[in-house]
Amino acid sequence: MTELNKTAEWAALASHWSEVEPLQMRDLFRENPERSEQMSIRQCGILLDYSKNRATQKTLNLLLGLANAADVDGWRRRMFAGERINNTENRAVLHVALRNRSNRPIWFDGEDVMPGVNEALNKMESFSNDVRSGQWKGFTGKAITDVVNIGIGGSNLGPLMACEALKHYQDPKLRLHFVSNVDSTHLLETVKGLNPETTLFIVASKTFTTQETLTNALTARAWLLDTLTDEKAVARHFVAVSTNAEQVTKFGIDTDNMFEFWDWVGGRYSLWSAIGLPIAIAIGMSGFYEMLQGAHEMDEHFLHADLSENMPVIMALLGIWYVDFAQARTQAILPYDQYLRYLPDYLQQADMESNGKRVTRFGRPVEYATGPVIWGTAGTDGQHAFYQLIHQGTQMIPCDFIIPINSHNESGDHQQILFANCLAQTEALMKGKTRKEARQEMEAAGLDAEQIVDLLPHKIFPGNKPTNTLLIDRVTPGRLGSLIALYEHKIFVQGAIWRVNSFDQWGVELGKQLAGVILEELLDEEKSNSHDASTQGLISYYRHHRKK
Ligand code: F6P
């Protein structure tokens, strides 16, 4: 198979970049009044305006040529058909089945997975109803007031992000907390002030072998038993979400209190499964179903729409355009909504753990850049922190601006100010400010000639910075579901084109292995000193100062 970067489609794009590089978006808008209309897609309650990109119709055609050559159509069909496309773990990738609200059969190894999916949803529904209504009692007969999710990575970020995003729909009497970091401060600060009699812990771990989660869960158990003293209390205050019944039992949680999912659900794609239990408890199962429905609508769009009108595909292709042909190395996710403040963190794992790969799915080193660094923050805060670099720094940073038109918390003119700021940024990034405009502005402000000469270079904005704008009506469970599914499929398409396996994460293993070795050595001075001088020196320093 020809290397991706040796294909005709790749070569055409590489030479096309030299045609596009000198073009100014402000000229493209002037030359084509239809540009915004032509470069927008409306789907699943989301308006994607991708017209503020350094791309022409020819660019899109060439990118679509690349997608066709990569058989994106075949890949999307294979994923939905339950093929084992996660080749290094020999697993299917079927998070779409978890939100398949049409309930049409989805086959995996000759078996329809939908009855199992529906059964798991029913169990979640009945449990979340019981907790919400107060029917589920703690060991001393009191209703639950606080739910603490203990998990990390995909077993934390999804529910954390969604519970925050949908806080408006929560019953304030039931508080949700999230503990992920193995730093005991995280757990102990979280449980400070909580009443063990009314606290429920959800231990969420796909593998149920993750050191951080198990360490936190054991400490939480000890905290609980410190007050409730009887081991039997654990059954009323601990439930588990996992694929590993054996380890759950070993830990001491009754499998009756276990919510199962399957190895064909990747950790970072798991908030649609029982890993979403905190979301169901927070907003009720009807809200959770709405979220699944929104994601399902995006799945249908992704699976059936022509690639040229396909929202995830277009976003994926523009991403590849910048990473591989314009050498952009990062991408900012900028939600203009406080409720979406954890979305950049969530997408960071979704994207970077999926496409942060250096070999193809066949094990050959890639000869081109793959996943970019994903980062960002919510609302106008970023404007007063890092936007300077996006406007006038030396790197190209493509940005996604995401904003609802309506706020759940309308108050005075806050929403208009927020919206105006969001659009102003995308406009400023696109248009920039020319030398002439900057000079005129300073002249109008009465600056003298010498001051103008000195300040002019600083006042010029090169502009031509690419952005997508995504508008939604409001942050609802349904729209959140569509939005997350949009990014999941974007990541999938990019992985298919880059020829990487987006569903494994071997890169996190080495650190875990070495942590195990170092842990033993921190505790025992007799253990071998097999490290490099730096690591060994740091271990000795630690031992010495811990003793003191
Ligand atoms: O960091 C690696 C990872 O395996 C992630 O992919 C996963 O989301 C996280 O650890 C947690 O894993 P688990 O749910 O098995 O505890």
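In this text, all values refer to a predicted model and were calculated from it rather than measured experimentally. For the single chain, residues carry numbers from 1 onward in sequence order. In listed order, ligands and their atoms are each counted from 1. What you see below is based on every heavy atom in this structure, not just the backbone, and it leaves out hydrogens, waters and symmetry mates.
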What is the closest protein heavy atom to [atom], and at what distance does it sit?
atom	result
atom 8 (O) of ligand 1	Gly154 N, 2.7 Å
atom 4 (O) of ligand 1	Lys512 NZ, 4.0 Å
atom 9 (C) of ligand 1	Ile152 O, 3.6 Å
atom 2 (C) of ligand 1	Val508 CG2, 3.4 Å
atom 15 (O) of ligand 1	Thr207 OG1, 2.6 Å

Phe261 vs Ser270 side-chain heavy atoms within contact, under 4.5 Å: yes

Name the orientation class of the two ring planes belonging to [X] and [Y] (parallel below 30°, tilted from 30 to 60°, perpendicular beyond 60°).
X	Y	result
Phe503	His95	tilted
Phe251	Phe238	tilted
Tyr336	Phe401	tilted

Close approach of Glu212 to ligand 1, heavy atoms, under 4.0 angstrom: no

Close-contact set for ligand 1 against Gln349 heavy atoms, below 4.0 Å: 5 (C), 6 (O), 8 (O)

Numbered atoms of ligand 1 (with element) below 4.0 Å of Gly153, judged on heavy atoms: 8 (O)

For the residue pair [X] and [Y], would you count it as a cation-pi contact if the rule is NZ or CZ under 6.0 angstrom from the ring centre and within 45 degrees of the ring axis?
X	Y	result
Arg99	Trp272	yes
Arg91	Trp262	no
Lys123	Phe259	yes

Proximity winner for atom 5 (C) of ligand 1, if only heavy atoms of Gln211, Gln505, Glu353 are counted: Glu353

Selected option - heavy-atom contact closest to atom 13 (P) of ligand 1, from Ile150, Thr210, Thr213: Thr210

